[in-house]
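Have a look at the structure below before the remarks.
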Amino acid sequence: MDPAKPTRWTEAQAERQLRSLELFGMRFGLDRMRRMMTVLGSPDRSKIGQRFDAIHVLGTNGKSSTTRMTAAILQRHGLRTGAYLSPHLVSYRERVLVDGRELDSEDFAAAVARASWAAERVNRTLAEDDHVTQFELLTAAALWELARREVDVAVIEAGLGGRYDATSVIDARVTVLTNVGLEHTRWLGPTIKDIAEEKLAVLRPAGALVLGEELAPEALAVAERVARERGAQIVPACTPPVTGELLARGAFQRRNFALARRAAEAYLQALGRPLDALAVAEAAATTDVPGRLQLVGEDPPTVLDGAHNPDAVRALVESLPEVLPAGPLALVLGVLEDKDAAAMLAALLPVCERAWFTAPPSARALSPAALESLARQLGFDASACESKPARALAQAQGWAREHAGAVLATGSVYLVGELLGELARSATLSAPRADPRSSAR
């Protein structure tokens, strides 16, 4: 690549570049990211002539939904709004939204090419065993593109979240903490208190801290102390009734939308603007969240959900009656090896009659046999192993048709993304070809 100017890439080239960085894994620290921002002209700090406002969404569960919903509410207040999400389901382009729309392939490729050009320059300044990571590259590409689009405010979802997360280079006017669970303890600490400390290390002095209503007491204590130390305003959670219908299904989405409403209100208040109830209602009625309680078939009823830890699975089970009819339920489950699969199974198996254990498309996937063994330890024997997710789903759907039942596929965002991709490919292959004579009439 020309060191003076990034080349033009296709979307396929951009995706190949991103996949090539997977072998470097996760590396924490903000030094690489700050150097990337400097090379790119500090898109995290400013845009042409004015401030790049940001809202930073932290937490264990609900970050993507809250990010989408907050951006949607602000967009309907007349603001040009960006959002950065992770991970994606099918395409990397899902991670960057401008006014609710994904980037087109050309803009996505250009942003990744620009960030890769910057990464090459940064890598030359690093130790031989150091390298810009995939998440850093994606985050830099997103911030650069959002600045180029001159958004008024960007709602940024943290990765693992906290002190050394790549997204923490932003200076957020509003910080949102959805909840804190025992996840990623290897990197964030062994207790709820430790994890809350790491996540809230990014809180801006004199900013606003919006807290989810189901925050654990230990995390709430940390939030109150950190806010007090930094002179930040705490915006407590509340769950006002949604005016009109909420498109996103589930009780957990009602909680997420209530949090998004508070985050948007805190940001607008900083601008001296009131929250418009009609704008909130419009956002509620039109904002969906792919991969969460997503109904992808009616024969049999089939739901995909990316719940990937015990708390998320329990919230999913609570909301299943809203989307699936009463009757026998077939489970398709795939989990990554660093998750608490036993606790997830303990929540899921009591509502299921049959299970197919599979493997998400990841080197970190827990084997189907390991899941089956855990299920048997819980007294559940009506199961089968199928390593290919699409085959597992097809077998579960066949069983559900025979038993007038339904299907739930869950356990991993990677699993849901794989199945959505397979379903899209199948729909494309099975779609009838248009009669060429019809277009000439």
Side-chain angles (χ1 to χ4, degrees), residues 60-62 64-66 68-69 89 178-179 181 212-214 237 239-260 284-335 340-357 375 378-380 382-383 392-393 395-413 415-416 419-420 423:
T60 302
N61 293 318
S64 290
S65 297
T66 303
R68 283 179 179 272
M69 293 167 174
L89 293 169
T178 60
N179 48 55
E213 68 172 329
E214 295 193 332
T239 312
V242 176
T243 305
E245 186 177 355
L246 184 65
L247 181 59
R249 303 177 182 92
F252 62 92
Q253 294 293 33
R254 290 191 283 277
R255 292 190 290 268
N256 289 333
F257 191 84
L259 183 60
T286 57
T287 306
D288 202 3
V289 181
R292 296 309 315 266
L293 283 177
Q294 182 171 352
L295 189 66
V296 296
E298 297 282 0
D299 180 27
T302 302
V303 163
L304 307 186
D305 191 279
H308 57 275
N309 57 47
D311 287 341
V313 165
R314 284 188 284 268
L316 163 63
V317 170
E318 174 194 14
S319 296
L320 277 179
E322 295 187 29
V323 291
L324 290 178
L329 182 63
L331 172 68
V332 177
L333 184 70
V335 180
D340 188 350
M344 294 166 69
L345 284 164
L348 285 164
L349 294 179
V351 300
C352 299
E353 289 200 16
R354 190 82 166 80
W356 278 259
F357 298 121
L378 292 169
F380 189 93
S383 64
L393 182 64
Q395 291 169 19
Q397 288 177 321
W399 180 90
R401 287 189 194 97
E402 292 176 2
H403 295 80
V407 178
L408 168 66
T410 189
S412 167
V413 172
L415 174 68
V416 170
L419 291 174
L420 286 174
L423 290 169

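Owing to the predicted nature of the structure, the values given are computational and were not obtained by experimental measurement.
A donor-acceptor contact shorter than 3.5 Å links the side chain of E322 to the backbone of G250. Side chain of D305 to backbone of T410: no donor-acceptor contact under 3.5 angstrom is found.
To the nearest 0.5 Å, the span separating CE on M69 from CG on L246 amounts to 5.5 Å. Atom CZ of R292 and atom CZ of R249 lie 12.5 Å apart (nearest 0.5 Å). How far OG1 of T66 is from CG of N256: 4.0 Å, rounded to the nearest 0.5 Å.
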Handout entry: Residues N179, E214; criterion side-chain contact (heavy atoms from CB on, under 4.5 Å); working and verdict
Key = CA-CA 6 Å; N179 48 55; E214 295 193 332; 5.5 Å; no
inquiry  = Test side-chain contact (heavy atoms from CB on, under 4.5 Å) on Q253 and L293; report intermediate values, then the result.
reply    = CA-CA 10 Å; Q253 294 293 33; L293 283 177; 5.7 Å; no
*Please test V335 against L345 for side-chain contact (heavy atoms from CB on, under 4.5 Å), starting from the C-alpha separation and ending with a verdict.*
CA-CA 10 Å; V335 180; L345 284 164; over 6 Å; no
CA sep, side-chain torsions, deciding dist, call: L320, L329, side-chain contact (heavy atoms from CB on, under 4.5 Å)
CA-CA 10 Å; L320 277 179; L329 182 63; 4.0 Å; yes
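Taking all atoms of both residues into account, the shortest heavy-atom contact from A406 to L324 is CB-CD2, 3.9 Å. Contact between D288 and P290 at its shortest, heavy atoms only, is O-CD, 3.8 Å. Between A347 and V313 the shortest heavy-atom distance is CB-CG1, 3.7 Å. Of all heavy-atom pairs between P328 and A404, the closest is CD-O, 3.9 Å. Residue F380 comes nearest to C352 through the heavy atom pair CE1-O, 3.5 Å, listed as atom of the first residue, atom of the second, then distance. Here the shortest heavy-atom pairing between V416 and G291 reads CG1-CA, 3.9 Å.
S65 places none of its side-chain heavy atoms less than 4.5 Å from the side chain of R255.
None of L419, V413, L304 except one satisfies the side-chain contact (heavy atoms from CB on, under 4.5 Å) rule with L89; the exception is V413.
Applying the side-chain hydrogen bond (donor to acceptor under 3.5 Å, both in side chains) rule to pairs touching residues 344-357 yields W356-Q395, sequence neighbours excluded. Applying the side-chain hydrogen bond (donor to acceptor under 3.5 Å, both in side chains) definition to pairs two or more places apart or across chains, those involving residues 309-319 are N61-N309, E183-N309, D311-R314.
Listed by chain and residue number, P300, T302, L393, R401, V407 satisfy the side chain to side chain contact (heavy atoms under 4.5 Å, CB included) test with Q397 (two or more places apart in sequence, or in another chain).
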